[in-house]
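Every chain is numbered from 1 and lettered A, B, ... according to where its sequence line falls, protein lines coming before strand lines.
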2 protein chains.
Amino acid sequence: MASARRIPEATVARLPLYLRVLGEAATERTTTLSSDVLAARAGVNAAQVRKDLSFLGSYGTRGVGYDVDYLVRQINRQLGLDDDRRVAIVGAGNLGQALASYAGFPERGFQVVAAFDADPAKIGSRLGSTVVSAVTDMPRILREKDVEIAIITTPASVAQGVANALIKAGVGSILNFAPTTVIVPSQVAVRQVDLGIELQILSFYHHHIDTTAATAGS
Amino acid sequence: MASARRIPEATVARLPLYLRVLGEAATERTTTLSSDVLAARAGVNAAQVRKDLSFLGSYGTRGVGYDVDYLVRQINRQLGLDDDRRVAIVGAGNLGQALASYAGFPERGFQVVAAFDADPAKIGSRLGSTVVSAVTDMPRILREKDVEIAIITTPASVAQGVANALIKAGVGSILNFAPTTVIVPSQVAVRQVDLGIELQILSFYHHHIDTTAATAGS
DNA sequence: CCATGTGAAAGCGTTCACAGCG
DNA sequence: CGCTGTGAACGCTTTCACATGG
């Protein structure tokens, strides 16, 4: 029993992981998956999988497992992935370039509909399937294209200013790759990914080749 | 009191964040930082900062705060960042390209000393400051250059195989960007970063414009 | 007097263990 | 009989609150 409880943050962060495993299973024409198998492929504990999925409702069958297609639909619905989401990329450097042509985005329903840069030399150039616009046109274009999520790939020095402008223009979610913390009001969602920090964390565990549990997730 | 305790995983993940803030403070010629200010700039709670730093020892001065330069040295030492770390990138696609020329790496002591790809067309081309080698030469080159950390930016389908080969060649830490979970023995450290998953997590909070705490860190 | 360092409390997240159901 | 769903136990993290010391 117990459908539609409030989903804990840690569970939310793992749902996309399960979605990925379920997707792989679907292409292998696997119709059903037990929590044991799902857990092994996701690299987590089986009890964790069952508890996480129980927050969505009782979608498994005892003695059998979870129906792959059905579970995919339920998770997609919870994550709000039923329709495409419009994304903008701010900063057309190397990382912005790479993200704009990242196949994983359109595959999972994220459409890059706008890109911006402050450098006049870059304006008008292609970034994936869009064209780079001037940051000065950002507020107008963001509203015109109804952008929901923005990815910041600018230098650290301008990231906070960019974030402020994005929020002012109605963007509700920000994925920040600039190596600085951007501070946002509580009604805006941010995730901060610092590629250098990831390496530094690995460096710690490499340096202490004794301590416990050296694995960690996204 | 109490120097060199065992440092909790959550604290380890935040130390590089503090390092980043301290670095910014140093360039502003700030010599001393209180836990309040440090916390605000890192986007965390002040008590958290104090507790985290207390695991390294008593490096603050009551009534004053923390000496920026001294604290930087202590954190660097703990993270094992005193000397440069040798990094390899496997997969010379867009993301591999971007990472190879990412300024944040050399700045923080990570040297990209090797790059690999399976595509013969890419072998010999430049990737940042190195040249792309064939994956078949990977074991030899990894050992020759004493690579400690590897970054996987290959398609998901080959990521696990690459990880296995890396571990066999003595690489102890892996940063995986391929959109699949790589399973490794417990003595190897992995961090999995899936750019699509980050967007999906944001999508959840965008879709539920009511629930609590929408911020989360790397 | 101000900011650190830290016990203690509160809050989360994970894992266990097993009842319950297909 | 096998696997889900879940209370309860456990361990980790965060936050509070204040004694301590420069």
Discussion item. Counting distance alone, no hydrogens or angles: does the base of C/dG20 have a donor or acceptor under 3.5 Å from a partner atom on the side chain of A/R62?
Written reply: yes

Worksheet entry | Distance below 4.0 Å between B/Q48 side-chain N/O and D/dT15 OP1 or OP2 | yes

Worksheet item: Quick one: is A/Y66 getting a side-chain N or O under 4.0 Å of the C/dG22 phosphate, OP1 or OP2?
Response: no

Separation of [N] [atom2] from [X] [atom1] (nearest whole Å):
X	N	atom1	atom2	answer
B/I7	D/dT14	CD1	C1'	18 Å
A/D52	D/dT6	CG	P	13 Å
A/R6	C/dG13	CZ	P	14 Å
B/F55	D/dT13	CZ	P	9 Å
B/L56	C/dG5	CG	P	10 Å
A/R50	D/dC3	CZ	P	10 Å
B/L53	C/dT6	CG	C1'	13 Å
B/R14	D/dC12	CZ	P	15 Å

What is the minimum heavy-atom distance between [X] and [Y], and which atoms define it?
X	Y	answer
B/M138	B/A165	CE-CB, 3.8 Å
B/T130	B/A114	CG2-N, 3.8 Å
A/A178	A/A156	CB-CA, 4.2 Å
B/R143	B/K168	NH2-O, 2.8 Å
A/L142	A/A88	CD2-CB, 3.9 Å

Worksheet, complete the sentence: Taking for A/K51 and for A/G63 the nucleotide of DNA chain C with the nearest heavy atom, the one nearer the 5' end belongs to A/K51

Worksheet item: How do A/T61 and A/N45 order along DNA chain C: which one's closest nucleotide is nearer the 5' end?
Response: A/N45

Worksheet entry | Parallel, tilted or perpendicular, as decided by the 30° and 60° cut-offs, for the rings of B/F105 and B/Y102 | perpendicular

Worksheet, complete the sentence: In numerical order, the residues of residues 29-42 of chain B whose heavy atoms come under 4.0 Å of DNA chain C are B/S34, B/S35

Fill in: A/E9 vs B/Y205, side chain to side chain contact (heavy atoms under 4.5 Å, CB included): CA-CA, chis, key distance, verdict
CA-CA 10 Å; A/E9 208 169 311; B/Y205 289 111; 2.9 Å; yes

Fill in: Salt-bridge present (A/D146, A/R86; N to O < 4.0 Å)
yes

Discussion item. For a quick check of understanding: with a heavy-atom distance under 4.0 Å over all strands, which category does B/A10 fall into, base, sugar-phosphate or nothing?
Written reply: sugar-phosphate

Discussion item. Tell me if the aromatic rings of B/Y59 and B/Y66 count as close, with their centers under 6.0 Å from one another.
Written reply: no

Response to the item:
Stems in DNA chain C, runs of 3 or more consecutive Watson-Crick or G-U wobble pairs with both distances under 3.5 Å, sorted by first number, are C:1-22 with D:1-22

